[in-house]
Amino acid sequence: QVQLVESGGGLVQAGGSLRLSCAASGSIFSINAMGWYRQAPGKQRELVATFTSGGSANYADSVKGRFTISRDNAKNTVYLQMNSLKPEDTAVYYCNADITRTYPIYRRDYWGQGTQVTVSS
C-alpha cells in the first residue's frame with residue numbers, strides 16, 4: 001500500500017500561521033511530484049502549491065508571498081508553511097502526489113484525506 005497522511009490543520013486567527021505536513025509511506029520507488037490543493041464549502045477544489053519532478057514550485061496567485069512549499073526527500077514529506085492567513089484561506093487542504101510504487105512498478109496519482117484549516121476574523 002501507498003498512502004498519504006496530512007497533519008497540521010486547525011483553527012487560527014486572521015494574520016496567524018500554520019504549517020501543514022504530508023508524509024508518503026509504503027512501497028515507494030519515487031515521488032515524481034507532490035503538492036497541496038484545497039476545497040472550501042460550496043466551491044471547487046483548487047491548486048494551492050506544487051513541486052514538480054524538476055524541482056520547481058508553482059503557487060496559486062492568491063497565496064503567493066504568503067505560503068511556502070518545501071520538502072524533505074529523506075522522509076518523503078512535503079510541507080506547506082502558511083503565513084498571514086486570511087478568512088478566505090478557510091478550506092479542507094488535501095495533499096496530492098504522483099508516485100511510482102514498487103512490486104510491481106506502477107505510477108499513479110494519490111490523495112490524502114484532507115486536513116481542516118479554519119481562519120477566523
Side-chain angles (χ1 to χ4, degrees):
Q1 295 282 345
V2 173
Q3 58 183 324
L4 306 178
V5 179
E6 302 115 323
S7 63
L11 175 64
V12 66
Q13 191 172 353
S17 299
L18 287 172
R19 189 173 81 153
L20 307 183
S21 299
C22 174
S25 62
S27 300
I28 298 171
F29 179 77
S30 65
I31 298 177
N32 308 295
M34 207 166 184
W36 294 92
Y37 292 72
R38 68 186 182 187
Q39 187 168 19
K43 300 182 68 176
Q44 295 181 341
R45 188 172 299 185
E46 64 176 350
L47 170 72
V48 178
T50 61
F51 263 125
T52 67
S53 58
S56 62
N58 297 318
Y59 295 93
D61 289 340
S62 60
V63 306
K64 285 182 178 178
R66 299 188 298 120
F67 292 9
T68 303
I69 187 170
S70 60
R71 62 188 178 187
D72 185 336
N73 292 332
K75 297 180 179 179
N76 290 330
T77 300
V78 66
Y79 305 93
L80 185 68
Q81 179 66 47
M82 305 185 295
N83 299 324
S84 302
L85 283 163
K86 305 175 181 179
E88 307 94 272
D89 297 318
T90 296
V92 177
Y93 284 70
Y94 296 92
C95 180
N96 174 260
D98 176 8
I99 295 175
T100 300
R101 71 173 191 178
T102 59
Y103 314 118
I105 294 178
Y106 184 79
R107 177 176 177 175
R108 77 169 182 88
D109 211 39
Y110 293 84
W111 290 90
Q113 289 196 311
T115 184
Q116 176 71 47
V117 172
T118 302
V119 184
S120 62
S121 301

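Counting begins at 1 with the first residue of the sequence. Keep in mind that the numbers below use all heavy atoms, side chains included, and drop hydrogens, waters and symmetry copies.
A donor-acceptor pair under 3.5 Å is formed between the side chain of Asn96 and the backbone N or O of Tyr110. Between the side chain of Gln1 and the backbone N or O of Gly26 there is no donor-acceptor pair closer than 3.5 Å. Remark: the backbone N or O of Gln113 is paired with a side-chain donor or acceptor of Glu6 at under 3.5 angstrom. In terms of modelled atom types and a separation under 3.5 Å, the side chain of Thr50 and the main chain of Gly35 share no donor-acceptor contact.
To the nearest 0.5 Å, the span separating CD1 on Ile69 from SG on Cys22 amounts to 9.5 Å. Going from atom OG of Ser25 over to atom CG of Asn76 covers 8.5 Å, rounded to the nearest 0.5 Å. Rounding to the nearest 0.5 Å gives a distance of 10.0 Å between OG of Ser120 and CG of Leu85. For the atom pair Asn83 CG and Thr68 OG1, the distance stands at 6.5 Å (nearest 0.5 Å). Distance CZ/Arg38 to CZ/Arg45: 13.0 Å, rounded to 0.5 Å. Separating the OG atom in Ser30 from the CG atom in Asp98 is a distance of 8.0 Å, to the nearest 0.5 Å.
Asn32 and Thr100 form a side-chain donor-acceptor contact under 3.5 Å, judged by distance and modelled atom types alone. Judged purely by distance below 3.5 Å, without hydrogens or angles, the side chains of Asp72 and Thr77 never pair a donor atom with an acceptor atom. Looking only at atom types and distance, the side chain of Glu88 has no donor-acceptor partner in the side chain of Thr90 under 3.5 Å away.
Annotation: side chain of Cys95 is in contact with side chain of Val78 (closest heavy-atom distance under 4.5 Å). Under the 4.5 Å side-chain criterion, counting only non-hydrogen atoms from C-beta, Gln81 is not in contact with Leu20. Within the 4.5 Å cutoff, the side chain of Met82 has no heavy atoms near those of the Trp36 side chain. Counting heavy atoms from C-beta outward, Ile99 and Arg107 have side chains that stay 4.5 Å or more apart.
Each of Tyr94 and Phe51 belongs to its own hydrophobic cluster when Ile, Leu, Val, Met, Phe, Trp and Tyr are linked at side-chain heavy-atom distances under 4.5 angstrom. Note on Ile28 and Tyr106: separate hydrophobic clusters, where clusters join Ile, Leu, Val, Met, Phe, Trp and Tyr whose side-chain heavy atoms are under 4.5 Å apart, directly or indirectly. In the hydrophobic clustering of this structure, Leu80 groups with Val12; members are Ile, Leu, Val, Met, Phe, Trp, Tyr whose side-chain heavy atoms approach within less than 4.5 Å, directly or through other members. Linking Ile, Leu, Val, Met, Phe, Trp and Tyr whenever their side-chain heavy atoms come within less than 4.5 Å puts Val117 and Tyr59 in one cluster.
Residue Gly114 comes nearest to Val92 through the heavy atom pair CA-CG1, 3.8 Å, listed as atom of the first residue, atom of the second, then distance. Closest approach of Ile31 to Ala24, counting heavy atoms only: CD1-CB, 4.0 Å. In terms of heavy-atom proximity, Thr102 sits nearest to Phe29 at CG2-CB, 3.4 Å. Counting all heavy atoms, side chain and backbone alike, Ser17 lies closest to Ser84 at OG-N, 4.3 Å. Nearest heavy-atom pair across Gln116 and Ala91 is NE2-O, 3.4 Å.
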For this session: Take Gln3 and Trp111, measure what side-chain contact (heavy atoms from CB on, under 4.5 Å) needs, and give me the verdict at the end.
Result: CA-CA 8 Å; Gln3 58 183 324; Trp111 290 90; over 6 Å; no

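Between Lys86 and Asp89 there is no salt bridge, since none of the side-chain N atoms of the basic residue sits less than 4.0 Å from a carboxylate O of the acidic one.
Ring geometry, Phe67 versus Tyr93: the interplanar angle falls from 30° to 60°, so the pair is classed tilted.
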